[in-house]
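Below: one structure, written as structure tokens.
As the structure is a prediction and not an experimental result, all values here were calculated from the model. Counting convention: from 1, in listed order, for ligands and their atoms alike.
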Amino acid sequence: MELGYWQIRGLGAVFRMILEYKEAKYEDKQYADGESWFKLRKPQIQAMNPLANLPYLVDGESCVCQTNAILTYLGEKFSLNGESPAQKIRTEELLCEIYDVRNSVIDMVYPFKQVCRNQEEYEAKAKAQTGNPPFAKFEAILGFKDNASGGKWFVLKDGPGVADFHIWEMLDQHKMMAERLGSPDIFTNFPKCKAFYESFKALPTLQKYFASESYKLDANNKMANCYFP
Ligand SMILES: N[C@@H](CCC(=O)N[C@@H](CS)C(=O)NCC(=O)O)C(=O)O
């Protein structure tokens, strides 16, 4: 498989973690500049899929674009979408829910979004967001009566499903943001999310990733208001 994304964590981290977790064989193409993606590789990806974007995943004859579609694809390949129809729908719901959270961060960190146009506006909004982190629904899902794992994982009984990876990445990015801003602990009102965060961080097949340069990459592109490591 070939995974393509910028040389940042961004949306790429979610896939790097899934592929590492499953100990898959893959090439992690990290584009460090516009030329290497837009001029060189994008036209080739476009020839395979006109929806070419970053991230993309090439797997044999398949070329999949759009984060949630790639997650569904990998979820099917690795049995990480859930077994029952109800679990599969919960996975899709969570993928959309966490993408809303991601978009709220993107709105804040990139000045071209015109939500935060500079560092000062970013700090005010990011302090508000980390002071009241957007994880109440995720806490409720972990405590909900249909949770197969008794609240340890979001969908599956025995480990993370695809949605868990994006949720964990967003928890980690909010944690980093809060620490950098001197905001309170983001887990104060979310003990179940905290336990999930810690269990995930301890997963044996992810230790190589957490020790790697990929985990140390910046969360966002350098043009971001909040340039946090
Ligand atoms: N909705 C798309 C968004 C993709 C997207 O905005 N990609 C950005 C980086 S996060 C990009 O720079 N794409 C490269 C391009 O437009 O060719 C997804 O989730 O995959």
### Task
Would you kindly say whether D164 and Y21 are connected by a side-chain donor-acceptor distance under 3.5 Å?
no

Check ligand 1 for N or O atoms under 3.5 Å from a protein N or O and list each pair with its distance.
from, atom 1, to, atom 2, distance (Å)
ligand 1, 1 (N), Q66, OE1, 2.8
ligand 1, 1 (N), Y99, OH, 3.3
ligand 1, 7 (N), N53, OD1, 3.3
ligand 1, 7 (N), L54, O, 2.7
ligand 1, 12 (O), W6, NE1, 2.8
ligand 1, 13 (N), N53, OD1, 2.6
ligand 1, 16 (O), N53, OD1, 3.3
ligand 1, 17 (O), W37, NE1, 2.8
ligand 1, 17 (O), K42, NZ, 2.6
ligand 1, 19 (O), T67, N, 3.4
ligand 1, 19 (O), T67, OG1, 2.7
ligand 1, 19 (O), Y99, OH, 2.4
ligand 1, 20 (O), T67, N, 3.0
ligand 1, 20 (O), T67, OG1, 3.0

#### Entry: N/O donor-acceptor pair under 3.5 Å between E169 side chain and L11 backbone
no

### Task
For E20, check salt bridge (Lys or Arg N to Asp or Glu O under 4.0 Å) against everything at least two apart and list the hits.
K208

## Note on the structure
Residues at least two apart in sequence or cross-chain that pass ring-ring contact (aromatic ring centres under 6.0 Å, His included) with F200, listed by chain then number, are F165, W168, F196

### Message
K137 vs E93, test: salt bridge (charged side-chain N to carboxylate O under 4.0 Å, His left out). Steps then yes/no.
### Response
CA-CA 11 Å; K137 287 180 177 174; E93 288 175 329; over 6 Å; no

Extract all donor-acceptor atom pairs below 3.5 Å that involve side chains of residues 66-73 and protein atoms in other chains or at least two apart in sequence.
from, atom 1, to, atom 2, distance (Å)
T72, OG1, N68, O, 2.9
Y73, OH, D59, OD2, 2.6

